**Q** 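Before I ask anything, here is the structure I am working with.
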Amino acid sequence: MSSVFGKLFTVSTWGESHGPAVGVVVDGCPPRLPLAEGDIQAELDRRRPGQSDIVTPRAEEDRVEILSGVFEGSTTGAPISLLVRNSDARPGAYDEMREKFRPSHADFTYQEKYGIRDHRGGGRSSARETIGRVAAGAIARKALVLAGQVEIRAFVTQVHDLAAPESALVNFPSLAEVEASAVRCPHPATAAAMVERIKQVRSAGDSVGGVIRCRIRGVPAGLGAPAFDRLEADLGKAMLSLPATKGFEIGSGFAGTRLKGSEHNDIFVPKAGGTGTATNRSGGVQGGISNGEEIYFNVAFKPTATILQTQKTVDIHGAATELAARGRHDPCVLPRAVPIVEAMAALVILDHWMRQRALRTFEF
C-alpha cells in the first residue's frame with residue numbers, strides 16, 4: 001500500500017480510523033528549523049472533527065505528540081515522527097459493514113485488491129488518515145514561510161449547487177475571512193446559504209459535495225520540471241490522492257478550452273524585480289515550471305459516500321442486500337478539507353523548492 005509522498009521532503013502516513021492512533025514520519029526536513037507541537041496543533045485544530053454543527057460529531061482532540069527529530073526546539077535533520085491518538089473510536093458502529101459493502105466507498109475495492117480489509121470506519125480509506133498529511137504540511141508550511149514568505153490559502157467556493165460569485169473572490173482572502181464561517185467560504189452571504197444547505201441534507205440523512213480553491217503566492221519562478229514531474233502534475237496527484245476528490249483543474253482549467261490562443265495567452269510584461277505576465281490564465285505554471293505568478297487551482301469533492309439512508313448493496317458473498325449505515329460522518333467534507341488541501345500544497349511546493357536548491361547548488 002503506497003503511503004509515501006515526496007522525493008526530498010518525504011512523508012509516510014500510518015494508522016487506521018478506529019485503531020489506537022494515526023500519525024506520520026517526515027524525512028528530509030532541513031535541520032535547525034524551529035518547531036514545536038503548537039506549530040502543528042494549530043493546523044490539526046482546523047481539521048479535527050466536532051468543531052461545528054455541520055461536521056461529524058466525533059469527539060477527538062487530535063493532540064499531536066512529537067516523538068523524534070526535534071531537539072531543544074529545532075529540527076535535527078533526523079526523521080520526525082508525529083503521533084495522534086484515537087480517543088473516541090467506536091468500531092461497534094461498523095459491525096454491519098463487516099460483510100456489506102457501502103455504495104461508492106472503498107470497501108469493495110479494498111477487499112478485491114488485498115483480500116482483507118479493516119471495516120471499522122474504512123480503516124486506511126477513512127479521511128482520518130489525513131491527520132498525518134496536515135501535521136506534515138504544517139512543518140512544510142513553516143519552512144516555506146521562513147524560506148520565502150510563501151502564503152497558501154484554500155477556501156470553499158461551492159457546496160452542492162451554491163457557488164460564491166467570482167466577482168467576490170478576486171482578492172486573496174485573509175485567514176480570518178476564511179475562518180469567519182464554519183463552512184470556510186470567504187463570501188458571507190454564500191457561506192450562510194451553504195451552512196443551511198448542509199444542515200438540510202444532514203437532517204435528511206444525505207450528503208453533498210463541492211469545490212475548494214487554493215491560491216499560493218510568493219512562489220519563485222523555476223520550481224517544477226518538464227515531462228513527468230511537472231509542478232501542476234504533482235499538485236494534481238497530491239489533490240487527487242485525498243479522499244472524496246473527483247476533479248482537479250489549474251489556471252483557466254476547462255474554461256480555457258472555450259478560448260482562442262489569442263485570448264488565452266498570458267502576455268509577458270516587465271514587472272518590479274523581473275519578468276511577469278499581464279494575465280494569469282496559466283495559473284502560475286508554464287511548461288511544468290512555476291513562472292513567479294500566483295498559483296491557483298480548484299479541487300472537486302464528491303458527496304460523502306456514507307449516508308444515513310437505507311441503500312441497496314451486496315455482501316461479501318455477492319448476495320443482494322440492504323445497508324443502513326451508522327456511525328458519525330461529515331454530511332459535507334469540504335469545511336474540514338480546506339486545511340488538508342493547504343497541507344498537500346505545502347508539501348508539493350517545499351519538495352520542489354528543495355529539488356531546485358539542490359539542482360542549482362551544482363551549477364557550473
Side-chain angles (χ1 to χ4, degrees), residues 148 150-174 177-178 184-187 189-191 193-194 209-240 242 245-302 334 337-338 341-342 344-345 348-349 352-353 356:
V150 173
E151 193 170 9
I152 303 173
R153 185 84 68 243
F155 49 93
V156 174
T157 62
Q158 180 179 332
V159 167
H160 200 206
D161 59 355
L162 301 172
E166 285 296 327
S167 59
L169 302 176
V170 174
N171 296 327
F172 195 97
S174 68
E177 289 173 323
V178 174
R184 294 195 166 104
C185 171
H187 185 245
T190 307
M194 289 174 172
V211 178
I212 288 177
R213 180 168 300 167
C214 186
R215 298 175 63 173
I216 312 171
R217 60 184 182 182
V219 177
L223 303 192
F228 302 115
D229 287 342
R230 298 168 69 98
L231 186 58
E232 72 266 46
D234 280 355
L235 284 168
K237 177 180 179 179
M239 300 306 147
L240 293 174
L242 295 174
T245 52
K246 285 297 180 183
F248 172 83
E249 62 174 3
I250 188 167
S252 62
F254 289 99
T257 64
R258 298 191 291 270
L259 300 176
K260 298 175 183 177
S262 57
E263 299 169 314
H264 189 271
N265 287 345
D266 294 318
I267 304 302
F268 287 109
V269 295
K271 284 190 175 181
T275 299
T277 59
T279 55
N280 190 22
R281 298 183 184 91
S282 300
V285 182
Q286 294 171 329
I289 300 170
S290 62
N291 65 4
E293 300 292 334
E294 181 182 296
I295 295 172
Y296 68 95
F297 55 84
N298 294 321
V299 188
F301 289 80
K302 69 174 183 175
L334 276 85
V338 165
V341 167
E342 291 180 352
M344 294 306 295
V348 172
I349 298 300
H352 274 280
W353 195 310
Q356 180 66 4

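Keep in mind that this is a model prediction, so the values were computed, not measured.
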**Q** Looking at Phe297 and Ala345, what are the two nearest heavy atoms and their distance?
**A** CZ-CB, 4.3 Å
**Q** Go through Asn280 and Glu294 one step at a time and tell me if the side-chain contact (heavy atoms from CB on, under 4.5 Å) criterion holds.
**A** CA-CA 8 Å; Asn280 190 22; Glu294 181 182 296; 4.2 Å; yes
**Q** Indicate yes or no for a side-chain donor-acceptor contact from Gln356 to the backbone of Trp353 under 3.5 Å, with no hydrogens or angles considered.
**A** no
**Q** Both conditions, 6.0 Å and 45 degrees, for the charged tip of Arg217 above the ring of Phe172: are they met here?
**A**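 Geometry flag: set, cation within 6.0 Å and 45°.
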**Q** Check for a donor-acceptor pair, side chain of Asn265 on one end and backbone N or O of Gly261 on the other, with a separation under 3.5 Å.
**A** yes
**Q** Donor-acceptor pair, Asp234 side chain versus Ala238 backbone, under 3.5 Å?
**A**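 Not at all, since once roles are kept as given, no pair shorter than 3.5 Å links the two residues.
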**Q** Would you find a donor on one side and an acceptor on the other, under 3.5 Å apart, between the side chain of Arg230 and the backbone of Leu235?
**A** no
**Q** Is the side chain of Thr277 donor-acceptor paired with the backbone N or O of Phe268 at a distance under 3.5 Å, no angle test?
**A**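 Between the backbone of Phe268 and the side chain of Thr277 there is no qualifying donor-acceptor contact (under 3.5 Å).
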**Q** Return the minimal non-hydrogen interatomic distance between Leu223 and Val219, and the atom names on each side.
**A**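 Looking at all heavy atoms of both residues, the closest pair is CD1-CG1, 3.6 Å.
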**Q** Using 0.5 Å steps for rounding, measure from the SG atom of Cys185 to the CD atom of Gln158.
**A** 10.5 Å
**Q** To the nearest 0.5 angstrom, please state how far the CD atom of Glu263 sits from the CZ atom of Arg258.
**A**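 Taking CD in Glu263 and CZ in Arg258, the distance rounds to 11.5 Å.
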**Q** Less than 4.5 Å apart, any side-chain heavy atom of Val285 and any of Ile250?
**A**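 A side-chain contact exists here, since the closest heavy-atom pair is under 4.5 Å.
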**Q** Rounded to the nearest 0.5 Å, how far does CD of Glu342 lie from SG of Cys214?
**A** 6.0 Å
**Q** Please give me the minimum heavy-atom distance between Asp266 and Ser282, naming the atom from each residue.
**A**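 Reported closest heavy-atom pair: OD2-OG, 2.6 Å.
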**Q** Are any of the side-chain heavy atoms of His352 and Val348 separated by less than 4.5 Å?
**A**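 Touching, per the 4.5 Å side-chain cut-off.
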**Q** Measure the shortest side-chain to side-chain distance between Ile212 and Asn298 over non-hydrogen atoms and say whether it is less than 4.5 angstrom.
**A**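 When only atoms from C-beta onward are counted, Asn298 and Ile212 do not touch, as no gap falls below 4.5 Å.
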**Q** Please check: side-chain N/O of Asn291 versus main-chain N/O of Ala221, any donor-acceptor pairing under 3.5 Å?
**A** no
**Q** Taking all non-hydrogen atoms of both residues into account, name the closest pair between Phe228 and Ala233 and its distance.
**A**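 Here Phe228 and Ala233 meet closest at O-CB, 4.3 Å.
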**Q** I want to check something: taking the side chain as every heavy atom from C-beta on, are His187 and Pro165 in contact at a cut-off of under 4.5 Å?
**A** yes
**Q** Quick one, Ile295 and Leu231 - any side-chain contact, counting heavy atoms below 4.5 Å?
**A**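 In short, these two side chains touch, coming nearer than 4.5 Å.
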**Q** Between Arg184 and Phe155, does the side-chain contact (heavy atoms from CB on, under 4.5 Å) criterion hold? Intermediate values first, please.
**A** CA-CA 6 Å; Arg184 294 195 166 104; Phe155 49 93; 5.7 Å; no
**Q** So how far is it from Lys246 NZ to Leu240 CG, rounded to the nearest 0.5 Å?
**A** 9.5 Å
**Q** Please determine if Arg281 and Glu293 form a salt bridge, counting it only when a charged side-chain N lies under 4.0 Å from a carboxylate O.
**A** no
**Q** Above 12 or not: heavy atoms from other molecules or residues under 6.0 Å from NZ of Lys237?
**A** no
**Q** Would you say Glu249's side chain and Phe254's backbone share a donor-acceptor pair under 3.5 angstrom?
**A**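 Yes, the answer is positive, given that a donor and an acceptor are paired below the 3.5 Å cut-off.
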**Q** Compare every heavy atom of Leu259 with every heavy atom of His264, then report the nearest pair and how far apart it is.
**A** CD2-CD1, 3.9 Å
**Q** To the nearest 0.5 Å, how far apart are CD1 in Ile216 and CZ in Arg153?
**A** 11.5 Å
**Q** Ignoring hydrogens, what is the shortest heavy-atom contact between Leu169 and Arg215? Give both atom names and the distance.
**A**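 Closest pair (atom of Leu169, atom of Arg215, distance): O-NH1, 3.1 Å.
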